[in-house]
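Everything below concerns the one structure shown next.
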Amino acid sequence: MYLTKEEEKMYQGEYGDTVRKSMEIIVALGDIYGAEKLVDISSAQISGVSYKTIGDAGLEYLEDLANDKEIIAKRVVTKIPSTLNPAGTDLDNWEKLSFPAEFALKQNDIVDAYGALGISKTCTCTPYLVGNIPKFKDHVAWSESSAVCYANSVIGARTNREGGPSALAAAICGKTSLYGYHLENNRKTTVIVELNDEISGIGYGALGYLIGKEIGDGIPYFILKNKSTNDELKSLGAALASSGAVALYHIENETPEYDSAGKEKLLNEDSSSKINLNINDIEDTCKNLTNSSKDEADLVCLGCPHASLEEIKDIANLVNNKRIKNELWVCTSINIKAAADRMGYTKVIESAGGHIVCDTCMVVAPIEDMGYEIIGVDSAKAANYIPSMCGLEVIYDNAKNLIKFE
């Protein structure tokens, strides 16, 4: 792989061990995937944040990087704007929400170590809603699977599905290896999916879950009967990335690269590369994402990926002047919560008995240790992960059906 003189200095340790270790990771990945060179990136988004997933070993690794004498002396920190994936707790209100104290304290240590490296301590899986917004064709290094899918597909930026360590390394160096989805030829569609009926809401998650399982790491090209909202595209990508390993999708007449995705060429070369679906397929998938025989959840968790302000507004309207029977978490970033506070949505939801929970989500939080057994979600990604990662039962449905009132 070709390295510039500046990159060679970074690789050889002239800027300290943290930069050297980071460049070694980037170059090693480039060698594995046949990259010819590195490319500058405009932002990073880093996973491996929850204490639930990285444990003490991850915390020790991060503190070791943050304690590099070169970092301390020269403030050689991240080169580009960088944000974190959700943590395992609400960092500020973990006591109020009854998160385990030992877990919460370790979690804050992890986030503080990232902060010492210059990473913004904004913990969210929707960085594009809080200012980390790449431009069309920008190269970035993002690692949260749903955010990767959104960046590639809806924004038209270029990123691979980075691992936590490689995204952190890219943030420290401001570079990543030029391979995979950074190359135009690797962004062409591999399968065409035509849906013969209109869908909305949780139907997008079901569609993503169904196709992700079917195509693995392929690139689907969707032909839909209706226009999609940004929140629906967010849900679609999250489900595609969780049931499969999809990092990029195209939607005819909607996403920015659909007209260069190679649809006609694929049809001419392989007529079998088309999947036709109808509303029955979507409804069956919705039913299959529920694994509980109960019809009421102990805890309703919304916001996977993190809720937008518009989604919080809809929930506030749903619960206004009512009293919620089961517990309700609406997961979002601290930035979006601040906007919800100002709009009065937070007060409405809290008056009904719910909580807007920042920094975390139901998948990476230790909800299995907090007395819950059945979790209600409107996210196909969460419905897919909660049984395996938390060992709990799940009900998949719209918020209006999940939230029960007294």
Side-chain angles (χ1 to χ4, degrees), residues 86-99 104 122-130 146 200-202 204-205 229-232 234-235 238 295-367 370-383 386 390 392 394-406:
T89 65
D90 185 313
L91 299 174
D92 297 325
N93 298 303
W94 60 267
E95 288 181 283
K96 176 183 175 182
L97 294 162
S98 301
F99 282 95
T122 299
C123 299
T124 182
C125 48
T126 55
Y128 45 86
L129 296 180
V130 299
S146 71
S200 63
I202 62 169
Y204 276 84
T229 67
N230 283 343
D231 288 323
E232 288 168 337
K234 171 165 66 85
S235 297
D295 60 2
E296 186 171 323
D298 305 323
L299 172 67
V300 176
C301 275
L302 310 175
C304 178
H306 273 171
S308 67
L309 187 62
E310 190 67 20
E311 288 174 311
I312 294 174
K313 173 186 174 181
D314 290 342
I315 296 162
N317 288 335
L318 177 64
V319 304
N320 190 29
N321 293 322
K322 298 176 184 176
R323 189 68 189 171
I324 301 168
K325 183 180 176 183
N326 39 15
E327 291 196 47
L328 171 65
W329 287 7
V330 183
C331 298
T332 193
S333 66
I334 194 168
N335 312 59
I336 296 297
K337 182 182 182 294
D341 291 348
R342 179 166 290 186
M343 292 299 295
Y345 304 149
T346 303
K347 184 177 180 180
V348 170
I349 291 170
E350 289 182 345
S351 296
H355 301 279
I356 295 187
V357 180
C358 297
D359 310 312
T360 189
C361 82
M362 68 294 289
V363 173
V364 296
I367 55 174
M370 298 172 68
Y372 303 114
E373 295 181 359
I374 303 172
I375 311 300
V377 297
D378 63 353
S379 160
K381 173 182 178 177
I386 285 173
C390 306
L392 303 178
V394 68
I395 300 172
Y396 180 65
D397 208 338
N398 289 299
K400 66 180 181 180
N401 297 326
L402 292 169
I403 300 172
K404 306 298 182 182
F405 298 101
E406 294 179 353

Please check this pair: side chain of [X] against backbone of [Y], looking for a donor-acceptor N/O pair closer than 3.5 Å.
X	Y	value
D378	A399	no
E232	G201	yes
R323	S351	yes
T360	D90	no

Non-hydrogen side-chain atoms of [X] and [Y] separated by less than 4.5 Å:
X	Y	value
V363	C304	yes
F405	V319	yes
H306	L129	no

Exercise for review: With side-chain contact (heavy atoms from CB on, under 4.5 Å) as the test, would you mind laying out the steps for I375 and C390 before giving the verdict?
Suggested key: CA-CA 10 Å; I375 311 300; C390 306; over 6 Å; no

Of all heavy-atom pairs between [X] and [Y], which one has the smallest distance, and what is that distance?
X	Y	result
S146	K381	OG-NZ, 4.2 Å
A380	Y396	N-CE1, 3.3 Å
F99	G88	CE2-O, 3.5 Å
C358	S333	SG-O, 4.0 Å

**Study point:** Residues T124 and T122: side-chain donor-acceptor under 3.5 angstrom
**Key:** no

Check your understanding: Would K313 and L309 count as a side-chain contact (heavy atoms from CB on, under 4.5 Å) if you check the C-alpha gap in whole Å, the side-chain angles of each, and the deciding distance to 0.1 Å?
Key -> CA-CA 6 Å; K313 173 186 174 181; L309 187 62; 5.8 Å; no

Straight-line distance of [X] [atom1] to [Y] [atom2], nearest 0.5 Å:
X	Y	atom1	atom2	answer
D359	T332	CG	OG1	9.5 Å
E310	D231	CD	CG	7.5 Å
E327	C301	CD	SG	9.5 Å
D298	I367	CG	CD1	10.0 Å
L328	K404	CG	NZ	13.0 Å
N317	I312	CG	CD1	12.0 Å

Exercise for review: Show your working on side-chain contact (heavy atoms from CB on, under 4.5 Å) between C123 and L91 and close with a plain yes or no.
Suggested key: CA-CA 9 Å; C123 299; L91 299 174; 4.0 Å; yes

Check your understanding: With respect to M362, which candidate in V394, I386, L302 satisfies the side-chain contact (heavy atoms from CB on, under 4.5 Å) definition?
Key -> I386

Point to revise | E350 atom CD: more than 12 heavy-atom contacts under 6.0 Å | key: yes

Practice item. Give a yes or no on this: more than 12 heavy atoms of other residues, nucleotides or ligands lie within 6.0 Å of atom NZ of K322. Key: yes

Practice item. Quick one: sort the Y372 and W329 rings into parallel, tilted or perpendicular, breaks at 30° and 60°. Key: perpendicular

Check your understanding: Please walk me through it: do K234 and T126 pass side-chain contact (heavy atoms from CB on, under 4.5 Å)?
Key -> CA-CA 9 Å; K234 171 165 66 85; T126 55; 3.7 Å; yes

Point to revise | side-chain contact (heavy atoms from CB on, under 4.5 Å) partners for N401, two or more places apart | key: D397, N398

